[in-house]
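Below is one structure; the comments refer to it alone.
Below, chain A is the first sequence line, B the second, and so on; all start at residue 1.
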2 protein chains.
Amino acid sequence: MNIGEVSKRSGLPAKTIRYYEDIGLIQPHRSDNGYRAFAESDLHKLAFLGRARALGFSIEDCRNLLTLYEDRSRASADVKQIAKTHLTRIDQKLAELQEMRATLAGLVSACAGDNRPDCPILADLSSHD
Amino acid sequence: MNIGEVSKRSGLPAKTIRYYEDIGLIQPHRSDNGYRAFAESDLHKLAFLGRARALGFSIEDCRNLLTLYEDRSRASADVKQIAKTHLTRIDQKLAELQEMRATLAGLVSACAGDNRPDCPILADLSSHD
DNA sequence: TCTTGACCTTCCATCTGATGGAACCTCTAT
DNA sequence: ATAGAGGTTCCATCAGATGGAAGGTCAAGA
């Protein structure tokens, strides 16, 4: 399978697939012409990567998950730990964003948004000293 | 004022302050010894930047906001537009994260997290083909 | 006066996670 | 033979800093 087909079937851009090979996440074989020759298992891993990345797992998380995925004797606790840690990070990020949103929404609704120069948004950003 | 004091008073690391000078957000004067000599107005701008960045505004947003901030004749509508656009981005990001969180939380709670190799998390990540 | 240590300088490398583009090779169909 | 659709490598770039090396400066104490 050439990179184009793998790209279509995995949903990942060819650039990204080459990048993932570069950083050692996959090791496709090479044909005589120098083209990457992907096996079904490579495609499978790439699809796995695509979904894990879409869930916000970092590349290093993905590397660990792939290792665990290929380790038939791993404990599910190891995987769960990675996922739980990630869930905590997501919750933190959510809390931050929600606070940001609240502050910003308040400022936006306080701002007349007309042609006058008075602007509560700038006033707020500059007033805390 | 040297960079150390500005760092303390603005809450920004010295590295970051140098970086902000580098990309043209501030233009502190220089003392005879080559040290950066910050005016109160520089400190003010840096604090402004710190707060805007904390609200998730991009550096380019900040550049625009600073320009508007210094333009006594700007319309508040210009500022509001930047803030509203940013608010929309935050809402998108929030929706994404919430979906991620829901999926991940479901997987985590489905996973026994014991010594057995069966793991719904990995099963899910690998099953969608 | 000398020295120590805190503080300052620049410059270059590194991080995450790709992505864009140039220059060039290969395969397939006409 | 040639066009064009693929493939290849390598190098640069994006955001937004941050780490570290090598070296200059300043103030205080022995």
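- Taking atom CZ of B:R89 as the reference point, atom P of D:dA15 lies 13 Å away to the nearest angstrom.
- Across every non-hydrogen atom of A:L12 and A:S7, the tightest pair is O-OG, 2.7 Å.
- Contact annotation: the side chain of B:L122 approaches that of A:R74 to within less than 4.5 Å [non-hydrogen atoms, C-beta and beyond].
- Phosphate contact (OP1/OP2 of C:dT10, side-chain N/O of B:R30, threshold under 4.0 Å): present.
- Protein atom CD1 of A:I26 is 16 Å distant from nucleotide atom P of C:dG17, rounded to whole Å.
- For B:L25 and D:dA15, the CG to P distance is 12 Å, given to the nearest whole Å.
- Phosphate proximity of D:dG7 to A:R18: absent, as no side-chain N or O sits under 4.0 Å from OP1 or OP2.
- No hydrogens or angles were tested; on distance alone, a donor-acceptor pair under 3.5 Å links the side chain of B:Y35 to the base of D:dG24.
- When the P atom of C:dG17 is taken as reference, atom CD1 of A:I23 falls 8 Å away, rounded to whole Å.
- Listed candidates were C:dG17, D:dT8, D:dA17. Nearest to the side chain of A:I3 is D:dT8.
- Distances shown here put a side-chain N or O of B:T16 below 4.0 Å from the OP1 or OP2 atom of D:dT18.
- Summarising the geometry, the separation between OH on B:Y20 and C1' on D:dA17 is reported as 8 Å, rounded to the nearest angstrom.
- Protein atom CZ of B:R63 is 10 Å distant from nucleotide atom P of D:dG16, rounded to whole Å.
- Closest non-hydrogen pair, A:L49 versus A:C62, comes out as CD2-CB, 3.6 Å.
- In this structure, B:E60 places its CD atom 12 Å from P of D:dA17, rounding to the nearest Å.
- B:Y35 and B:V6 end up in different hydrophobic clusters when Ile, Leu, Val, Met, Phe, Trp and Tyr side chains are linked at under 4.5 Å.
- Contact annotation: A:N33 side-chain N/O to C:dC27 OP1/OP2 distance is under 4.0 Å.
- Between the side chain of A:K15 and the base of C:dG21 there is at least one donor-acceptor pair of N/O atoms closer than 3.5 Å.
- In this structure, A:Y19 does not reach the C:dT16 phosphate: none of its side-chain N or O atoms is under 4.0 Å from OP1 or OP2.
- Among D:dG7, C:dT19, D:dG16, the nucleotide with an atom closest to any side-chain atom of B:I59 is D:dG16.
- The CZ atom of A:F38 sits 15 Å away from the P atom of D:dG6 (whole-angstrom rounding).
- A close approach under 4.0 Å does not occur between any side-chain nitrogen or oxygen of B:R36 and OP1 or OP2 of C:dC8.
- Counting all heavy atoms, side chain and backbone alike, B:I17 lies closest to B:L46 at CG2-CD1, 3.9 Å.
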